[in-house]
There are 2 protein chains.
Amino acid sequence: MRRIDRTSKLPLYHQLYQILRSHILSGEWQPGDMIPPESELIARYQVSRTTVRQVLDLLTNEGLIYRQQGRGTFVARPTVEHTLVRIVNFTEDMRVRGCEPSSRVLFSGLVSAPQDIAEKLEIEPGAELARLERLRLADGEPMGVEESYLVHRHCPGILQGDYESNSLRDALARNYGIHWTHAKQSIRAVLATREMANMLAVQPRSALLFVERVSYSQENVPVEFLRIYYRADRYVLYNELQG
Amino acid sequence: MRRIDRTSKLPLYHQLYQILRSHILSGEWQPGDMIPPESELIARYQVSRTTVRQVLDLLTNEGLIYRQQGRGTFVARPTVEHTLVRIVNFTEDMRVRGCEPSSRVLFSGLVSAPQDIAEKLEIEPGAELARLERLRLADGEPMGVEESYLVHRHCPGILQGDYESNSLRDALARNYGIHWTHAKQSIRAVLATREMANMLAVQPRSALLFVERVSYSQENVPVEFLRIYYRADRYVLYNELQG
DNA sequence: TAGTGGTCTAGACCACAAA
DNA sequence: TTGTGGTCTAGACCACTAA
């Protein structure tokens with residue numbers, strides 16, 4: 001069990017946030033499980049109730065837990081709405097949608113950064129990028145095509161891995177200590193080109209949902225640029241708005 | 001200046017939230033303005049710092065304010081990212097995008113609820129709906145077509161208004177006390193039908209971004225079902241994701 | 001140096017759920 | 001009745017910004 005380091009410069013609430021969050025994301029605490037009540041978190045980590053509640057507020061806003069007055073605090077079930085709040089794996093996304101995900105690598109190699117991508121990644125044009133293109137399937141049927149561009153100097157040799165069965169995100173975390181802190185994305189409707197239609201097994205000029213995303217690692221460094229073309233007949237985004 | 005009612009059953013933080021929020025949404029406090037420091041809010045409303053900060057946290061999460069340590073707390077400029085967080089007027093949305101909005105009413109009348117809409121609005125099929133269809137323009141060019149279905153028994157006579165120049169949302173608030181608390185929406189890519197293409201001045205089978213939304217009023221009552229078809233060549237959604 | 005927000009504590013009372 | 005989360009207080013010290 002990780003503990004809180006009182007000599008650390010990191011705020012207590014931030015440390016506790018990391019601890020509780022990792023219990024949830026690692027699956028140690030399962031969806032529906034009640035997490036320890038505030039009183040126990042106070043005793044276990046020797047912090048005040050205010051600090052505990054600050055952390056629980058953060059996790060609630062993130063959608064990872066929910067509270068019920070009189071009953072307790074519980075690990076939330078992932079939902080499709082999370083796709084527009086947290087950075088979600090294709091694998092996780094499909095599971096939430098009740099589909100069995102799989103992947104086929106279409107391209108894997110080093111390329112030099114074109115102007116537009118260089119700008120988004122805040123690097124010089126021509127810099128070395130690792131490009132990974134994958135067909136994403138759900139229940140064996142094409143769901144989308146995903147092109148990933150990684151700033152190679154941050155993760156040299158990343159393309160050695162097998163990304164049909166493994167997660168790029170896990171590899172970045174394990175081997176390079178790269179963790180996404182946040183990402184910016186855009187969402188558009190586009191028409192399928194002939195090639196795209198072929199890959200996705202739809203008619204040319206079908207409607208596709210097109211997502212572009214720049215993901216940032218620890219120190220606000222853009223590391224990945226992602227383009228995903230989703231079959232519009234299979235993929236819908238959901239979210240909730242505030243009043 | 002609105003004050004806090006200590007005899008009210010509403011929590012203090014909730015009352016203060018409404019007060020500060022209305023100062024911002026009404027435009028009384030302009031984007032970039034510094035809002036009163038915590039110390040002054042404490043003195044003015046006679047609440048503790050914890051309560052004040054709870055409110056400022058809410059407004060920060062909502063994206064309405066931002067804080068800078070040592071400097072103060074400021075009203076945030078609306079951004080395009082807000083479209084996927086708060087319920088945003090077409091007018092407000094276009095202004096943020098640097099466009100001049102206008103509207104043309106295409107249809108206005110009472111209809112009986114078809115099965116699918118009745119389900120979303122949690123009413124019986126055949127119930128009376130006010131249907132308002134508007135062409136939305138930006139800088140004089142078509143941007144989208146918006147179909148609004150309101151449960152008529154909650155806002156009888158709503159269609160008397162002039163919704164080329166006025167906001168439906170304002171009319172609902174002013175005349176029926178209906179305020180949106182939250183909404184659920186879905187986002188798809190679709191192809192333009194011939195009629196839709198005509199209205200939007202694009203080619204048939206162009207790509208459109210299609211948003212469906214159910215908006216809920218005070219007591220979690222669904223009141224409006226909305227369908228918006230946006231020209232994909234003009235309309236893009238943006239948002240930020242957490243790590 | 002003064003004023004701002006950031007973090008943290010200890011303690012109180014209330015509302016709700018379940019036994 | 002007990003245990004849970006919801007609301008609220010008063011007060012402390014720190015970190016950052018600007019004058």
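Values below: all heavy atoms of this structure, side chains included; hydrogens, waters and symmetry mates excluded. Since the model is a prediction, treat every value here as computed from it, not as a measurement.
A salt bridge is defined here as a Lys NZ or Arg NE, NH1 or NH2 lying under 4.0 Å from an Asp or Glu carboxylate O, and Arg21(B) with Glu62(B) meets this definition. With respect to Glu147(B) and Arg134(B), no salt bridge is recorded, no charged nitrogen being found less than 4.0 Å from a carboxylate O.
Listed by chain and residue number, Ser48(A) satisfy the side-chain contact (heavy atoms from CB on, under 4.5 Å) test with Thr50(A) (two or more places apart in sequence, or in another chain). For Ser148(A), the side chain to side chain donor-acceptor pair (under 3.5 Å) partners at least two apart in sequence or on another chain are Glu224(A). Annotation: ring-ring contact (aromatic ring centres under 6.0 Å, His included) contacts of His182(A) (sequence neighbours excluded): Tyr216(A). Tyr235(B) pairs by the side chain to side chain donor-acceptor pair (under 3.5 Å) definition with Asp93(B), Arg97(B), not counting sequence neighbours. With sequence neighbours excluded, no residue satisfies salt bridge (charged side-chain N to carboxylate O under 4.0 Å, His left out) with Arg77(A). Remark: Glu92(B) pairs with Arg86(B) by the salt bridge (charged side-chain N to carboxylate O under 4.0 Å, His left out) rule, at least two apart or across chains.
Backbone-only contact: Thr51(B) has heavy atoms under 4.0 Å from sugar-phosphate atoms and none from a base. Looking at heavy-atom distances under 4.0 Å, Leu56(B) makes no contact with the nucleic acid at all.
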Protein-nucleic acid N or O pairs under 3.5 Å, nucleotides 14-16 of chain C:
from	atom 1	to	atom 2	distance (Å)
dA15(C)	N3	Gln69(A)	NE2	3.4

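Nearest-nucleotide positions on DNA chain D for Pro11(B) and Pro36(A) put Pro36(A) closer to the 5' end. With DNA chain C read from its 5' end, the first of the two nearest nucleotides for Gln46(A) and Glu38(B) is the one closest to Glu38(B). Residue-to-nucleotide proximity on DNA chain C shows that, of Ser39(B) and Thr50(A), the 5′-proximal contact is made by Ser39(B).
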Can I get a per-line list of side-chain donor-acceptor pairs under 3.5 Å for residues 52-59 of chain B, giving both atom names and the distance, sequence neighbours left out?
from	atom 1	to	atom 2	distance (Å)
Arg53(B)	NH1	Glu38(B)	OE2	2.7
Asp57(B)	OD1	Arg67(B)	NH1	2.7

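Axis orientation changes by 10° from one end of the helix from dT1(C)-dA18(D) to dA18(C)-dT1(D) to the other, with each end axis drawn from 5 pairs and the value rounded to 10°.
The salt bridge (charged side-chain N to carboxylate O under 4.0 Å, His left out) contacts involving residues 8-19 of chain B comprise nothing, where partners must be two or more places apart or lie in separate chains. Residue pairs satisfying the ring pair (Phe, Tyr, Trp, His ring centres under 6.0 Å) criterion with at least one member in residues 56-93 of chain B, sequence neighbours excluded, are listed as follows: Tyr66(B)-Phe74(B).
Heavy-atom contacts of chain B under 4.0 Å fall on DNA chain D between two terminal nucleotides, which in 5' to 3' order are dT7(D) to dA18(D).
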